[in-house]
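Model, not experiment: these values are computed from the prediction. Reckoned from all heavy atoms, side chains included, excluding hydrogens, waters and symmetry mates. Lettering follows sequence order; numbering is per chain, from 1.
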Amino acid sequence: MLTEPDAVAEQEKLRQQIITENRFRQPIRYIAGADVEYDKDTNLIAGAIAVLHYDTLELAAVATHVMEVTFPYIPGLFSFREMPPLLAAWEKLTLKPDLIICDGHGIAHPRRFGLASHLGTILDLPTIGCGKTRLYGTFAEPGARRGSISPLLAEDDQQVIGNALRTQDNINPVFVSTGHKVSLDTATAIVLEMARLYRLPETTRIADHHGRLAMEAYKEKNPL
DNA sequence: GCGACAG
DNA sequence: ATCTTGTCGC
């Protein structure tokens, strides 16, 4: 099994591969959302990846995978818990997206290696981190209107590691950061564009929905 | 020693 | 993550 020190060493190794500039073919045609659901009374987790048409937000493909957890929840090593089900779901996916928005942070992480960066470097695919709450860094409250941003700062405000982005008027901001091969500015613009109606981008909402369905179906088919 | 701590 | 309907407020 993977030990904590090994996980940290793995992070450091992969972290060096992160590219924080745009390196993807434009225009974007397919954009995906990646999310993982947990079951309250078992140790099952369901990874889900939903691919949407970038322009219409119409669902183009989806894949899920239910399995048992293989790593505990440790802030900072979170990705080692969610990567297994996501990679398994990725293998089942028939239509590969141009870019993935992850439910968790990218480089807005104490060692600059959150889930989005982990998934991006392993798959060598452009990824964006979009977390609902802050993990690392300091920030000033962004303006009250949709589209307002405020930088997430680290190392005594000497580094910008992400953006607090208000996706709807007077609603708590989300935290956007580069995962891999997408600049912070581009990542922020894409998340805002995908969050037309709700606080979270449509990609993660759809992935979350299918993850739930997969979990229910699995428990139905495999009773305790 | 005391908090903080993605999902 | 999960527990969870109605309800307080804009």
Side-chain angles (χ1 to χ4, degrees), chain A residues 4 7-8 10-11 14-15 18 33-50 64-89 100-122 127-139 144-146 152-156 161-180 184 187-188 191 199-201 203-216 218-219 224:
Chain A
E4 196 168 329
V8 174
E10 176 76 355
Q11 286 188 321
L14 290 171
R15 183 188 62 72
I18 298 175
D35 187 31
V36 173
E37 322 298 323
Y38 293 73
D39 182 55
K40 78 175 179 66
D41 36 41
T42 66
N43 50 0
L44 295 174
I45 50 178
I49 298 180
T64 59
H65 185 79
V66 180
M67 62 183 284
E68 304 218 317
V69 294
T70 60
F71 201 80
Y73 171 64
I74 301 172
L77 292 180
F78 174 60
S79 64
F80 290 90
R81 186 173 173 78
E82 301 209 338
M83 279 293 281
L86 289 178
L87 289 178
I100 300 177
I101 296 180
C102 300
D103 183 38
H105 301 286
I107 64 172
H109 174 285
R111 290 181 297 280
R112 305 297 186 277
F113 198 75
L115 173 63
S117 296
H118 199 160
L119 190 62
T121 51
I122 290 293
T127 55
I128 292 172
C130 180
K132 294 184 284 294
T133 62
R134 181 199 69 91
L135 165 66
Y136 190 69
T138 60
F139 70 103
R145 306 282 290 179
R146 165 182 160 82
L152 233 197
L153 306 169
E155 266 49 65
D156 289 313
I161 58 176
N163 271 158
L165 166 68
R166 189 93 62 191
T167 54
Q168 299 298 330
D169 292 356
N170 304 91
I171 289 298
N172 284 156
V174 295
F175 300 84
V176 181
S177 58
T178 289
H180 185 47
L184 177 58
T188 303
V191 169
R199 177 164 90 115
L200 300 181
T203 39
T204 62
R205 299 186 76 252
I206 301 297
D208 175 280
H209 176 63
H210 286 278
R212 272 181 216 296
L213 294 180
M215 181 66 87
E216 284 182 31
Y218 183 92
K219 292 179 70 179
L224 294 176

### Task
Would you please say whether a donor-acceptor pair under 3.5 Å links the side chains of Q11(A) and R111(A)?
yes
### Query
Listed in order of residue number, which residues of residues 33-44 of chain A have a non-hydrogen atom at under 4.0 Å from DNA chain C?
Y38(A), K40(A)
### Query
Is the phosphate of dG7(B), meaning OP1 or OP2, less than 4.0 Å from a side-chain N or O of T133(A)?
yes
### Message
Under 4.0 Å between a side-chain nitrogen and a carboxylate oxygen: does that hold for R146(A) and D169(A)?
### Response
no
### Gap between atoms NZ and P, on K132(A) and dC5(B) respectively (whole Å)
15 Å
#### Entry: Paired and unpaired positions of DNA chain C as dot-bracket, Watson-Crick or G-U wobble under 3.5 Å, | denoting a partner strand
..........
### Task
Report the distance from atom CG of D103(A) to atom SG of C130(A), rounding to the nearest 0.5 Å.
7.5 Å
### Task
Looking at every strand, decide which applies to I74(A) at a 4.0 Å heavy-atom threshold: base, sugar-phosphate, or nothing.
nothing
#### Entry: salt bridge (charged side-chain N to carboxylate O under 4.0 Å, His left out) partners of residues 41-50 of chain A, not counting sequence neighbours, each pair once
D41(A)-K219(A)
### Aromatic contact, H105(A) with F78(A) (centres under 6.0 Å)
no
### Query
Within this structure, what is the NE2-to-C1' distance between H109(A) and dA4(B), rounded to whole angstrom?
14 Å
### Query
For the pair made of CZ in F71(A) and C1' in dG7(B), what is the distance, rounded to whole Å?
14 Å
### C102(A) side chain near L86(A) side chain, heavy-atom distance below 4.5 Å
no
### Query
Any side-chain heavy-atom pair from H65(A) and Y218(A) closer than 4.5 angstrom?
no
### Query
Quick one: stems for DNA chain B, with Watson-Crick or G-U pairs under 3.5 Å, at least three in a row?
none
### Message
Within the 4.5 Å heavy-atom criterion, are L200(A) and K132(A) side-chain neighbours or not?
### Response
yes
### Task
Could you tell me the separation between the NE2 atom of H210(A) and the CZ atom of R205(A), rounded to the nearest 0.5 Å?
11.5 Å
### Query
What's the spacing between R199(A) CZ and T167(A) OG1 if we round to 0.5 Å?
7.0 Å
### Task
Would you please name every residue forming a side-chain hydrogen bond (donor to acceptor under 3.5 Å, both in side chains) with R212(A), sequence neighbours left out?
D208(A)
### Query
Can R15(A) and E10(A) be counted as an ion pair, charged N to O under 4.0 angstrom?
no
### Nucleotides bounding contact with chain A, strand DNA chain C, heavy-atom threshold 4.0 Å
dA1(C) to dC3(C)
### Task
Write down the distance between CG (L119(A)) and P (dG7(B)), rounded to a whole number of angstrom.
16 Å
### Query
Taking OH from Y136(A) and P from dC5(B), how many angstroms apart are they, rounded to a whole number?
13 Å
### Query
So, do I45(A) and E37(A) sit near enough that their side-chain heavy atoms are less than 4.5 Å apart?
no
### Task
Have a look at G129(A) and say if it touches a base, only the backbone sugar-phosphate, or nothing, with a 4.0 Å heavy-atom cut-off.
nothing
